[in-house]
> 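Let me begin by handing over the structure; questions about it come next.
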Amino acid sequence: MTFELQHTDNASDARTGIITTAHGQIKTPIFMPVGTVGSVKGVHFDELYKQVKAQIILGNTYHLYLRPGLEVLKAAGGLHGFNGWKRPILTDSGGFQVFSLTGIRKLSEEGCEFRSHIDGSKHIFTPESVMDTERIIGADIMMALDECPPGKSDYEYAKKSLGMTQRWLNRCIKRFNETEPLYGYSQSLFPIVQGCTYKDLRREAAKFVADKGADGNAIGGLAVGEPTEIMYEMIEVVNDILPKDKPRYLMGVGTPQNLLEAIERGVDMFDCVMPTRNGRNAMLFTYQGTMNMRNKKWEMDFSPVDSEGCEIDQITSKAYLHHLFKAGELLAMQIASIHNLSFYLRLVTDARSHIEQGDFVQWKASIIEQLGRRI
């Protein structure tokens with residue numbers, strides 16, 4: 001994997017670049033739709049290509065490990081061969097999902113023992129086993145196993161957790177270097193910066209990660225309940241240390257406003273379930289603000305969902321989408337998910353254009369407030 005830094009904004013840390021992987025190029029800043037079990041909920045890959053214009057999607061190691069399982073994935077030639085997605089894929093380590101299984105997981109220096117949410121069977125994730133699993137999944141970008149501590153962890157727990165995450169990272173790198181890709185193309189390993197909301201821990205973590213010289217680096221453990229201003233402050237602390245010639249991935253974030261604020265602070269890559277999850281619940285993101293499509297105000301509004309959006313936005317009226325949601329039709333959730341993902345990709349693409357034009361900060365200031373208002 002390579003990263004070419006192309007443009008930097010004169011008034012902020014915003015930048016554009018191109019990531020080149022074995023399965024194609026990714027223009028940054030970029031939003032990555034979440035394909036938890038190898039699919040983006042409710043959206044066919046044909047629509048991801050044509051409507052959403054997605055350049056890279058995510059797979060979730062925890063879920064894919066449990067179902068369909070490693071035997072199936074290996075026989076298929078990895079996730080690309082299994083699901084037919086021909087562009088880049090990133091896999092998380094499964095750590096966030098495992099650590100979310102409160103009450104059915106046990107954490108130790110060795111790794112994390114947990115019970116499947118599907119059938120209660122017992123499993124263990126170690127840094128080594130996760131690297132082996134991600135090799136079998138075959139993602140272009142693999143994430144290291146880390147502990148994602150609760151956002152309000154006290155300092156002592158956060159420090160102890162970070163120490164273990166760093167020891168796990170060393171084991172991940174060792175295993176990664178000892179093994180080869182299984183399907184004839186290269187894979188990259190990204191470390192993850194943790195440290196909760198403590199500046200000294202974040203600095204320590206960023207320095208530790210930067211010294212590894214990885215192809216790219218991730219920022220984890222944010223947007224987990226802390227105030228947004230604290231999240232932005234932590235991004236600034238970390239990005240002041242992470243190398244500028246490597247892509248920076250902010251994990252699990254967030255709202256359209258979050259994306260623009262993070263881009264201004266030098267983040268290149270994002271993922272979040274919000275576009276599809278909110279879409280399935282009738283909430284649409286637009287440049288004018290958010291729309292609840294169940295509201296009666298849309299019942300007689302025959303204007304397009306978004307006249308400047310993707311093709312589905314332009315041929316679907318607000319009144320028709322309102323009707324579909326009121327009727328409980330699956331098509332409503334599909335259209336809303338495609339719209340939201342398309343909007344997120346359009347937002348980061350527009351951000352890229354304004355960084356290139358040199359007016360990103362002014363453009364962001366002109367739209368940031370209206371993005372969050374309710375229409």
Side-chain angles (χ1 to χ4, degrees), residues 1-33 49 52-58 87-90 140-141 188 190-191 193 206 209-210 213-219 222 231-251 253-272 275 285 287 308-310 341-371:
M1 195 198 85
T2 62
F3 177 61
E4 176 190 352
L5 189 60
Q6 293 186 306
H7 298 88
T8 52
D9 185 55
N10 291 329
S12 71
D13 290 325
R15 71 250 199 96
T16 70
I18 294 182
I19 299 170
T20 302
T21 75
H23 286 94
Q25 291 188 331
I26 306 156
K27 294 182 178 180
T28 63
I30 189 65
F31 180 82
M32 304 178 285
Y49 285 126
V52 175
K53 304 189 187 311
Q55 300 177 44
I56 175 174
I57 64 171
L58 267 69
R87 294 179 183 176
I89 295 175
L90 181 149
D140 300 87
I141 300 172
S188 294
F190 281 23
V193 176
V209 161
D215 289 340
N217 301 294
I219 306 169
L222 294 176
M231 176 175 72
Y232 300 147
E233 185 180 15
M234 293 302 106
I235 294 170
E236 292 172 5
V237 167
V238 170
N239 279 351
D240 191 46
I241 297 170
L242 290 180
K244 291 180 170 55
D245 61 345
K246 302 291 178 65
R248 300 158 173 167
Y249 163 33
L250 180 59
M251 305 179 75
V253 177
T255 66
Q257 303 99 303
N258 292 158
L259 265 63
L260 294 184
E261 294 286 358
I263 288 170
E264 186 173 22
R265 290 162 171 82
V267 172
D268 307 295
M269 305 167 70
F270 304 88
D271 80 284
C272 191
F285 296 97
Y287 268 118
E308 297 182 359
C310 64
L341 287 172
S342 175
F343 174 73
Y344 268 59
L345 266 295
R346 181 174 148 209
L347 183 70
V348 294
T349 300
D350 289 348
R352 179 183 171 88
S353 296
H354 285 282
I355 295 168
E356 292 174 342
Q357 295 167 22
D359 64 349
F360 171 79
V361 172
Q362 297 94 314
W363 170 75
K364 177 204 152 213
S366 70
I367 64 169
I368 193 76
E369 288 190 15
Q370 68 191 43
L371 285 172

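Residues take their numbers from the sequence shown, with the count starting at 1.
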> What's the separation between atom CZ in Arg87 and atom CD1 in Ile56, rounded to the nearest 0.5 Å?
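The distance works out to 11.5 Å.
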> Where do Ala206 and Leu242 come nearest, in terms of heavy atoms and distance?
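Where Ala206 meets Leu242 most closely, the heavy atoms are O-CD2, 3.9 Å.
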> Go through the structure and list residues passing ring pair (Phe, Tyr, Trp, His ring centres under 6.0 Å) with His354, not counting sequence neighbours.
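Result, ring pair (Phe, Tyr, Trp, His ring centres under 6.0 Å) vs His354: Trp363.
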> For the pair Tyr249 and Leu90, evaluate side-chain contact (heavy atoms from CB on, under 4.5 Å) and give the outcome as yes or no after the intermediate values.
CA-CA 11 Å; Tyr249 163 33; Leu90 181 149; 3.9 Å; yes
> Can you confirm whether Pro256 sits close enough to Tyr287 that some side-chain heavy atom of one is under 4.5 Å from a side-chain heavy atom of the other?
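No - every pair of side-chain heavy atoms lies 4.5 Å or more apart.
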> Decide yes or no for Leu371 and Phe285: does some side-chain heavy atom of the first lie under 4.5 Å from some side-chain heavy atom of the second?
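Not in contact.
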> When rounded to the nearest 0.5 angstrom, what distance separates CZ in Arg346 from OG in Ser353?
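Separation between the atoms: 12.0 Å.
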> For residues Ile18 and Thr28, report the shortest heavy-atom separation together with the two atoms involved.
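Distance-wise, the nearest heavy atoms are N-OG1, 4.3 Å.
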> Under a 4.5 Å cut-off applied to non-hydrogen side-chain atoms, are Met269 and Ile141 in contact?
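When only atoms from C-beta onward are counted, Ile141 and Met269 do touch, with a gap below 4.5 Å.
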> I would like to know whether Asn239 and Val267 meet side-chain contact (heavy atoms from CB on, under 4.5 Å); could you show each step before the answer?
CA-CA 8 Å; Asn239 279 351; Val267 172; 3.7 Å; yes
> Can you see which heavy atom on Lys246 is nearest to which on Ala214, and at what distance?
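Minimum heavy-atom contact is NZ-O, 2.8 Å.
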> What distance separates Ile30 CD1 from Tyr344 OH, expressed to the nearest 0.5 Å?
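Reported value, rounded in 0.5 Å steps: 14.0 Å.
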> Side chains of Ile367 and Leu260, heavy atoms from C-beta outward: is any pair under 4.5 Å?
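Side-chain contact under 4.5 Å: yes.
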> For Ala210 and Pro243, which heavy atoms make the closest approach, and how far apart are they?
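Taking Ala210 first and Pro243 second, the nearest heavy atoms are CB-CD, 3.8 Å.
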> Glu4 versus Gln25: any side-chain heavy-atom pair under 4.5 Å?
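Result no, sub-4.5 Å side-chain heavy-atom pair not found.
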> If I compare all heavy atoms of His23 with all of Asp140, which pair ends up nearest, and what's the gap?
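For His23 versus Asp140, the nearest heavy atoms are ND1-OD2, 2.8 Å.
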> Side chains of Lys364 and Glu261: closer than 4.5 Å at any heavy-atom pair?
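When only atoms from C-beta onward are counted, Glu261 and Lys364 do touch, with a gap below 4.5 Å.
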> Return the OG1 to CD1 distance between Thr16 and Ile263, rounded to the nearest 0.5 Å.
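Rounded to the nearest 0.5 Å, the OG1-CD1 separation comes out at 11.0 Å.
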> Strictly distance-based, threshold 3.5 Å: is any side-chain N or O of Asp359 a donor or acceptor partner for the main-chain N or O of Gln362?
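No, the answer is negative, given that no donor and acceptor are paired below the 3.5 Å cut-off.
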> Please confirm whether the backbone N or O of Gly17 pairs with a side-chain atom of Arg352, one donor and one acceptor, at under 3.5 Å?
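Yes; judged by distance alone, with no hydrogens or angles, the pair exists.
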> Please report the closest heavy-atom contact between Phe3 and Asp245, naming both atoms and the distance.
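Closest approach of Phe3 to Asp245, heavy atoms only: CD2-O, 3.4 Å.
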> Counting only heavy atoms not in Glu356 (residues, nucleotides, ligands), do more than 12 fall under 6.0 Å from its CD?
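It does: Glu356 CD has more than 12 such atoms within range.
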> Given side chains that start at C-beta, do those of Val253 and Met231 come closer than 4.5 Å, heavy atoms only?
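They are in contact (side-chain heavy atoms under 4.5 Å apart), so the answer is yes.
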> What is the distance from atom CD1 of Ile57 to atom CE of Met32, rounded to the nearest 0.5 Å?
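Result: 11.0 Å between the selected atoms.
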> With salt bridge (charged side-chain N to carboxylate O under 4.0 Å, His left out) as the rule and sequence neighbours excluded, what pairs involving residues 11-31 come up?
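Found Arg15-Asp268.
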> Could you give the distance from CE (Met251) to CZ (Phe190), rounded to the nearest 0.5 Å?
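Here the interatomic distance stands at 10.5 Å.
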> How about Phe31 and Leu259: do any of their side-chain heavy atoms sit closer than 4.5 Å?
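Phe31 vs Leu259: side chains touch.
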